[in-house]
**Q** 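Sending over a structure as structure tokens; questions will come in a sec.
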Amino acid sequence: MTEPQEELIRELEAKAKTIRKDIIKMLAEAGSGHPGGSLSSVEIVTALYFNVLRLKPEEPLWQDRDRFILSKGHAAPVLYAALAERGFFPVDELLTLRKLGSRLQGHPAWGMLPGVEASTGSLGQGLSIGLGMALAGRLDQRDYRVYVLLGDGESQEGQVWEAAMAAAHYRAGNLTAILDYNGLQIDGPIEKVMSPLPLPDKWRAFGWEVREVDGHNFRDLLTAFDWAKGVKDKPSMIIAHTIKGKGVSFMEGMVDWHGKAPNQKLADQALEEIGAGS
Amino acid sequence: MLEQKISTRDAYGKVLVELGRRYPELVVLDADLSKSTKTSEFAKHYPERFFDMGIAEQNMMGTAAGLALAGKIPCASTFAVFATGRAYDQIRNAIAYPGLNVKIVASHAGITVGEDGATHQSIEDISLMRTLPNMTVIVPADAVETAQAVTAAVEMRGPCYIRLGRPAVPVILRDDYRFQLGKAAVLKEGKDAVVFAAGIMVHKAFEAASVLEAEGVEVAVVNVSTIKPLDRETIVKWAKKTRAVVTAEEHSIYGGLGSAVAEVLGEEYPVPVIRVGIKDRFGESGSPDELLTAFQLNTDSVVNAIKKAVCEKSRIAC
């Protein structure tokens, strides 16, 4: 495994900043949506779309592409921003989020927007869909990989564990899940609402290879994605420790920013902070 | 009428093997009921394309969605009550909303499941599936139609629900019968009343028509095997011809074929509509034949419904 290059890390950090700004602008324009869990997964999604995933934005249905499924579909802004910045559709279109007639539905809708791989939003469903794609890839002897981003609160859904069991049973080595472990859900801290802990032990017990990383550190993330590619006979789980609302001081660690959009004044403040941030 | 009896699930198991040969992209999923749904036949022939997902229907539907997104044609099978009830949200959001090419072929529908009782007797599955945008809903009348309907479902694009039963039932359609997706089939003509029937009730409708023929009442029998999209044209045409309508199905009178026919006729040609079906109650244990009688789904019930419809017509006429 080679040490990720400094230049690449700097590029990814710059891209993450752009995507954070996109998210704030989109949500302010839409007047509703979910900033907390979009911002917590910016580095994860940026690493995937700008380094890890094998893609052809000009050919979104290319059969050998890697697939990414945003199982925590309420974080749609981070997915849309990454797709637009990667060239799947014009960046201008981001500002149509949640508006009537837009391809950018409140939660990702398959078949409308290039690059969206599945309809998600009803929590707990993405890993099953990813498993189906992984099984199909193996049947077709294609070497694409499937990545699924889960929320930590989402892990309370029983279907997640059905899928976890099945992926291990079918030895889906081409399937990698990433858990956005920001510790908060709408009603409060996950341990207080309905504890899904201990997460690493649970996933290991279900037959997965597990690694924990700092979900805002690109070096950590790239190393972990590299590791996941090397896990051949089991599905792999990257538990990414993150901060809800990351990058905007008044949103960080605040449950109230799970599902409400900033007004223009707060959006301006957020954009300034992101711009000034390192 | 032929005496031969075959269950629709057996016909499914058989045709799947043939379809597996013709369509390499066909894959089959089951939730630990493959011996009952008869997908075990496919599993024997094409083990690499068969996925037993265990007793986990929600994950099965989601996995089927993923397989469809990657170009496969998945058939997902289990009992109707679990397929449509246990995994409803997965069918709604992961399959129907994006309009994916998943075929949900469910067996053991209705009360003819028999002794297992209400938990296993699906009386609301047509209703649940019919209300989903993008979903096609098919209820084959016998083994002949099942083979053709499953083939048509595999050959069309988009989500489809096919409702099959447990017991061996009479084969009523001849080999030259041709199932057409979205078309109701007029199996018998008659000027006094029409029965729009689906599934095992098509056979009961035939029997009822023969009984009434002896009494001088001419009853048309229409097999409405595609419940969605509904063949509005044929339904309105025969309502106009007879002005006395009966619907017959092994399903709740709420939300199934009876509701679908009443919705169309209420808007386009109001006439008396008498619904034979399960009257807002759960099933119970018993043999299939005992249950059909207890739940008023036997030939006599259809006869009485036809008489009531004809009587209503004459009352309105006077």
Side-chain angles (χ1 to χ4, degrees), chain A residues 60-69 71 73 105 107-113 116-142 144-146 148 157-172 174-175 206, chain B residues 20 23-32 42 46-76 78 82 86-104 132-134 157-159:
Chain A
L61 297 177
W62 175 44
Q63 293 201 335
D64 287 315
R65 72 193 182 281
D66 288 338
R67 273 83 168 162
F68 172 72
I69 298 169
S71 191
Q105 291 291 296
H107 293 82
W110 181 82
M112 296 178 89
L113 191 64
V116 171
E117 296 283 5
S119 295
T120 52
S122 177
L123 291 174
Q125 299 199 18
L127 193 56
S128 303
I129 298 172
L131 172 60
M133 292 174 176
L135 293 174
R138 189 158 67 191
L139 271 179
D140 292 341
Q141 293 173 318
R142 294 184 186 277
Y144 65 73
R145 297 185 55 79
V146 183
V148 180
E157 288 281 7
Q159 187 186 352
V160 171
W161 301 100
E162 291 185 1
M165 183 166 39
H169 179 82
Y170 282 107
R171 301 188 170 278
N174 51 353
L175 178 65
F206 272 77
Chain B
Y23 297 99
E25 63 273 38
L26 185 71
V27 295
V28 176
L29 303 91
D30 206 302
D32 193 40
F42 183 92
Y46 312 101
E48 73 291 352
R49 284 192 272 151
F50 176 78
F51 301 98
D52 201 322
M53 303 310 287
I55 309 165
E57 295 79 11
Q58 303 174 36
N59 180 54
M60 175 171 76
M61 293 305 173
T63 304
L67 284 158
L69 283 164
K72 299 294 168 195
I73 308 173
C75 285
T78 179
F82 308 132
R86 188 63 175 250
Y88 188 72
D89 185 51
Q90 287 70 22
I91 295 175
R92 181 190 191 276
N93 286 308
I95 295 172
Y97 174 38
L100 298 185
N101 201 22
V102 175
K103 317 304 166 185
I104 300 156
L132 290 174
N134 295 333
R157 294 276 313 167

**Q** Which bit of B:L100 comes within less than 4.5 Å of chain A, counting heavy atoms only: side chain, backbone, both or neither?
**A** side chain
**Q** Are more than 12 heavy atoms from other residues, nucleotides or ligands located less than 6.0 Å from atom CZ of B:R86?
**A** no
**Q** Can you tell me which portion of A:Q63 sits under 4.5 Å from chain B's heavy atoms? Options are side chain, backbone, both or neither.
**A** neither
**Q** Apply the side-chain contact (heavy atoms from CB on, under 4.5 Å) test between A:L127 and each candidate in A:L175, A:V146, A:I69; give the one that qualifies.
**A** A:L175
**Q** With a 4.5 angstrom heavy-atom cut-off, which part of B:E57 approaches chain A: side chain, backbone, both or neither?
**A** backbone
**Q** What residue, out of A:L135, A:T120, A:L61, has the most heavy-atom pairs lying under 4.5 Å from chain B?
**A** A:L135
**Q** A:Y144 ring centre to A:R142 NZ or CZ under 6.0 Å, with the angle to the axis within 45°?
**A** no
**Q** Is it true that the NZ or CZ of B:R92 lies under 6.0 Å from the centre of B:Y97's six-membered ring and within 45 degrees of the ring axis?
**A** no
**Q** Below 4.5 Å, heavy atoms only, C-beta onward: do B:I73 and B:K103 meet side chain to side chain?
**A** yes
**Q** Who among A:M133, A:R138, A:Q159, A:E117 has the most heavy-atom pairs with chain B under 4.5 Å?
**A** A:Q159
**Q** Quick one: which of B:K72, B:E48, B:Q90 has the most heavy-atom pairs under 4.5 Å with chain A, could you say?
**A** B:Q90
